[in-house]
Colleague: 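Below: one structure in structure tokens.
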Amino acid sequence: MKKYITYRIIRSIISIFLVTTIGYVMIYSLVPRNTIFQSDPVYSRLKGSPDERTDYENNTYERMGYIDYYTTSDIASDITSDKAEYDKLIAGEDNDAIEEWASSKSGKGWKLEQYPVSKAYFATREIPLIERVGRFYKNLIKVDHPWAIQDPSNPDLPRYVKVEYTKTAGLTLTGSGTKHKYLIYFTSSFPFIHQNILTLNLGTSYPTFSGRPVMDVISSGQGKTAQKTVHFDTGLTEKSSADIYSRQYKSPSAMDRLEKERYSDSYVKSTDNYQDPSMIKISVITGIISVLLAYAIGVSLAVVMARYKGKLIDRMGVGLVTVLISIPSLAFIYFFRFIGSHFFGLPDSFPTLGAGDLKSYVLPTAILGLLSISGLIIWIRRFMIDQSSSDYVKFAKAKGLSEKEISQKHIFKNAMIPIVSGIPGTIILSIQGATITETVFAVPGMGKMLPDAIIAHNNPMVIGLLFVFTTLSILSVLLGDIMLTIIDPRISLSASKGGR
């Protein structure tokens, strides 16, 4: 079992790597790079400032991993450390030195260019696709440690990791010299134990949510900021939206007055608390409930239909399932949205009542679950009907057991195996269905974010969501296999030599 799980984990990691790499290569090679500016109002406003627009364009390409970009000051810094010579290079008084530098770099792919108006020099290097992929995985996992911060203006910064208890944050694993102050902390929010030691770096979002890390966009709260009473390190108590557990290092020379009043150290940067859940939380809530709903309804109906095979209830059920399967998903969603809104008074759009009202989740979650029910009913019904002609069922009938007892205690028990093995497929279908459902209902989750990111040419966000969805899908398959061994210990996930 241990050997199998280890093997499957390794295979899962490889699968995630392959799918993400293929997606990365396709997006960054087949999609024209200049399309990323189509949804950027800043780029459009810079049309009358050619130099600024060129600089903005190159900086954007660099952030997205297309190129390496050196401004005039970067070139001057690379040429010399002498201030007088540096100033001459910046002023354009020694262009020969810059051209000589460019000549020495040309073999490495660097290209020297000039800004349209000022004619000042800048240099770019096209990053090969393989190198881009390598950089993505090299920077994918960030590990926080006491030497993560290197600030020349703060040479006396203490460096440690220790467990401490404070009135502000409670029991925490606290760091200094680390990027985050609180490496491990506890709250009343799921999953209750939180950490900042390992973080995923999926790139920087652009042009939507410009400048924010992709993981920050999908994992941070949404909507209006939520204020509450906060007790700060210095003893100051006030209403604030600051999330004290997100505190990060900031150079003392860059701290403002409010930050100095609130905090007694250099960990003053923090994100805000928001009223609405994050994209990940909304998608997880709707996804888990929809899977539970699909199994609760689907398995129950399948058992009843199999028990009364050929009778009215079975024929009606088969007819209904056939109709549901033949209806396109989009038509299915709109039909049930109409039924829910007109006959039950439920909102047909998530923003109508917002994330704070449970009614907003009812239709998206119910429809997402219903999308998976038809296939589940057919599968379980067929299996239970096949089992009803098995020898152990005939033996149970000979013992005088009733149809209800045979169905519940024998057939259904054996049917748990295909039911459990179908969980990964149901989870994957819920991920796929969430993209359409969340878009139709304008649910601010990861499913809606994917088509939005594609339309906006937000390539880092597309890659990030592809990575998250692929990981969830592959882990669900592993979870299904493990649950099979729990349901039936006779099932061995690893075979000995010779297949025995």
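Only heavy atoms go into these numbers, but all of them, side chains included; no hydrogens, no water, no symmetry mates.
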Colleague: With sequence neighbours excluded, tell me which residues meet ring-ring contact (aromatic ring centres under 6.0 Å, His included) with F336.
Modeller: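 Per chain and number, F336 pairs via ring-ring contact (aromatic ring centres under 6.0 Å, His included) with F332.
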Colleague: Would you say the side chain of S246 lies within less than 4.5 Å of the side chain of S270, judging by non-hydrogen atoms?
Modeller: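 In short, these two side chains touch, coming nearer than 4.5 Å.
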Colleague: Got M461 and V217 here, is their nearest side-chain heavy-atom distance under 4.5 Å?
Modeller: yes
Colleague: Working note: D276 + K224, criterion salt bridge (Lys or Arg N to Asp or Glu O under 4.0 Å); need CA distance, chi angles, decisive distance, verdict.
Modeller: CA-CA 7 Å; D276 298 341; K224 296 180 179 179; over 6 Å; no
Colleague: Specify the closest pair of heavy atoms between I127 and G65, including all atoms of both residues, with the distance to one decimal.
Modeller: CD1-O, 3.6 Å
Colleague: How far does OG1 of T470 sit from CG of L18, to the nearest 0.5 angstrom?
Modeller: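 T470 atom OG1 to L18 atom CG measures 10.5 Å (nearest 0.5 Å).
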Colleague: Please check this pair: side chain of R247 against backbone of K269, looking for a donor-acceptor N/O pair closer than 3.5 Å.
Modeller: no
Colleague: Going by atom types only, do S283 and E438 share a side-chain donor-acceptor pair under 3.5 Å?
Modeller: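 Yes.
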Colleague: Is there any ring-ring contact (aromatic ring centres under 6.0 Å, His included) pair reaching into residues 198-232, and which pairs are they, with sequence neighbours excluded?
Modeller: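 Every ring-ring contact (aromatic ring centres under 6.0 Å, His included) pair that includes a residue of residues 198-232, provided the two are not neighbours, is F232-Y263.
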Colleague: Can you tell me how far apart OG1 (T437) and CG (L370) are? Round to the nearest 0.5 Å.
Modeller: 10.0 Å
Colleague: Is there a side-chain contact between R262 and V268 in this structure, where contact means two heavy atoms from C-beta onward sitting under 4.5 Å apart?
Modeller: no
Colleague: Please report the interatomic distance CD1(I373) to OG(S290), rounded to the nearest 0.5 Å.
Modeller: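 The CD1 atom of I373 sits 10.0 Å away from the OG atom of S290.
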Colleague: Is P50 close to V117 at the side-chain level, that is, under 4.5 Å between some pair of heavy atoms?
Modeller: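 Yes, side chains in contact.
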Colleague: Can you give me the closest heavy-atom contact between S372 and A294, atom names plus distance?
Modeller: CB-CB, 4.2 Å
Colleague: Does any N or O in the side chain of T178 come within less than 3.5 Å of the main-chain N or O of K181, such that one atom is a donor and the other an acceptor?
Modeller: no
Colleague: Within a reach of under 6.0 Å around CZ of F192, are more than 12 heavy atoms found that belong to other residues, nucleotides or ligands?
Modeller: yes
Colleague: Atom CD1 of residue position I130 - does it have more than 12 heavy atoms of other residues, nucleotides or ligands inside 6.0 Å?
Modeller: no
Colleague: Are L183 and Q195 side-chain neighbours, meaning at least one heavy-atom pair lies under 4.5 Å?
Modeller: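 Not in contact.
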Colleague: Distance only, no hydrogens: is a donor on one side chain within 3.5 Å (strictly under) of an acceptor on the other, for T168 and T166?
Modeller: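 Result is no, nothing qualifies.
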Colleague: Donor-acceptor pairs are to be reported for all side-chain atoms of residues 440-447 against protein atoms at under 3.5 Å, with residues two or more places apart or in another chain.
Modeller:
none

Colleague: Nearest 0.5 Å, please: how far is OH in Y182 from CD1 in I197?
Modeller: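 It comes to 15.0 Å.
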Colleague: To the nearest 0.5 Å, what is the distance between OG1 on T71 and CZ on F122?
Modeller: 10.5 Å
Colleague: For a 4.5 angstrom cut-off between non-hydrogen side-chain atoms, does I244 reach V230?
Modeller: yes
Colleague: For residues 349-361, which residue pairs pass the side-chain hydrogen bond (donor to acceptor under 3.5 Å, both in side chains) check, not counting sequence neighbours?
Modeller: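 For residues 349-361: none.
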Colleague: Does a side-chain heavy-atom distance below 4.5 Å link N273 with Q227?
Modeller: no
Colleague: For a salt bridge (Lys or Arg N to Asp or Glu O under 4.0 Å) check, start with the C-alpha distance between K448 and D452, then their side-chain angles and the critical distance, and finish with the verdict.
Modeller: CA-CA 6 Å; K448 180 180 181 297; D452 288 351; 2.7 Å; yes
Colleague: Which side-chain hydrogen bond (donor to acceptor under 3.5 Å, both in side chains) pairs, counting each pair once, include a residue from residues 138-147, with sequence neighbours left out?
Modeller: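 Only D144-H180 qualify under side-chain hydrogen bond (donor to acceptor under 3.5 Å, both in side chains).
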Colleague: Between T234 (side chain) and E261 (backbone), is there a donor-acceptor pair under 3.5 Å?
Modeller: yes
Colleague: Can you tell me which residue pairs pass the side-chain hydrogen bond (donor to acceptor under 3.5 Å, both in side chains) test with a partner in residues 57-69, sequence neighbours excluded?
Modeller: Y43-E57, D55-N59, D55-Y69, Y66-N459, D68-R125, D68-R135, Y69-Y115
Colleague: Could you name each residue pair satisfying salt bridge (Lys or Arg N to Asp or Glu O under 4.0 Å) that touches residues 44-53, not counting sequence neighbours?
Modeller: none
Colleague: So which pairs with a foot in residues 183-209 pass salt bridge (Lys or Arg N to Asp or Glu O under 4.0 Å), sequence neighbours left out?
Modeller: none
Colleague: Among side-chain atoms of T365 and T286, is any donor-acceptor pair under 3.5 angstrom?
Modeller: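 There is no such pair (donor and acceptor under 3.5 Å, judged by atom type) between the side chains of T365 and T286.
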Colleague: Quick check on ring pair (Phe, Tyr, Trp, His ring centres under 6.0 Å): which of Y185, F186, Y245 does H194 satisfy it with?
Modeller: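 Result for ring pair (Phe, Tyr, Trp, His ring centres under 6.0 Å) with H194: Y185.
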Colleague: Taking ring-ring contact (aromatic ring centres under 6.0 Å, His included) as the test, write out the residues that go with Y24, two or more places apart.
Modeller: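 Partners of Y24 by the ring-ring contact (aromatic ring centres under 6.0 Å, His included) criterion, ordered by chain and then number, come out as Y28, F136.
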Colleague: Are the side chains of L358 and V362 in contact, using a 4.5 Å heavy-atom criterion?
Modeller: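 A side-chain contact under 4.5 Å is absent here.
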Colleague: Between T172 and A169, is there a donor-acceptor pair closer than 3.5 Å when you use the side chain of the first and the backbone of the second?
Modeller: no
Colleague: Locate the shortest heavy-atom distance separating A254 from E259; write the atom from each residue and the value.
Modeller: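 Minimum heavy-atom separation between A254 and E259: O-OE1, 4.3 Å.
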Colleague: Under the ring-ring contact (aromatic ring centres under 6.0 Å, His included) test, which residues partner Y137, sequence neighbours left out?
Modeller: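 Applying ring-ring contact (aromatic ring centres under 6.0 Å, His included) to Y137 gives F17.
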Colleague: Atom CG of L202 and atom CD1 of I218: how far apart are they, to the nearest 0.5 Å?
Modeller: 6.5 Å
Colleague: Which salt bridge (Lys or Arg N to Asp or Glu O under 4.0 Å) pairs, counting each pair once, include a residue from residues 284-299, with sequence neighbours left out?
Modeller: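 Residue pairs with at least one partner in residues 284-299: there are none.
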Colleague: Give every residue pair that meets the salt bridge (Lys or Arg N to Asp or Glu O under 4.0 Å) criterion with at least one member in residues 28-42, sequence neighbours excluded.
Modeller: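 Output for this query lists R33-E126.
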Colleague: Could you verify whether a donor N or O on one side chain and an acceptor N or O on the other, from D272 and S241, lie under 3.5 Å apart?
Modeller: yes
Colleague: Please evaluate residues N154 and Y249 with respect to the criterion side-chain hydrogen bond (donor to acceptor under 3.5 Å, both in side chains), reporting the C-alpha separation (whole Å), side-chain torsions for both, the decisive distance (0.1 Å), and the verdict.
Modeller: CA-CA 11 Å; N154 190 10; Y249 179 85; 3.0 Å; yes
Colleague: Could you check I325, L301, L320 and say which one makes a side chain to side chain contact (heavy atoms under 4.5 Å, CB included) with S374?
Modeller: I325
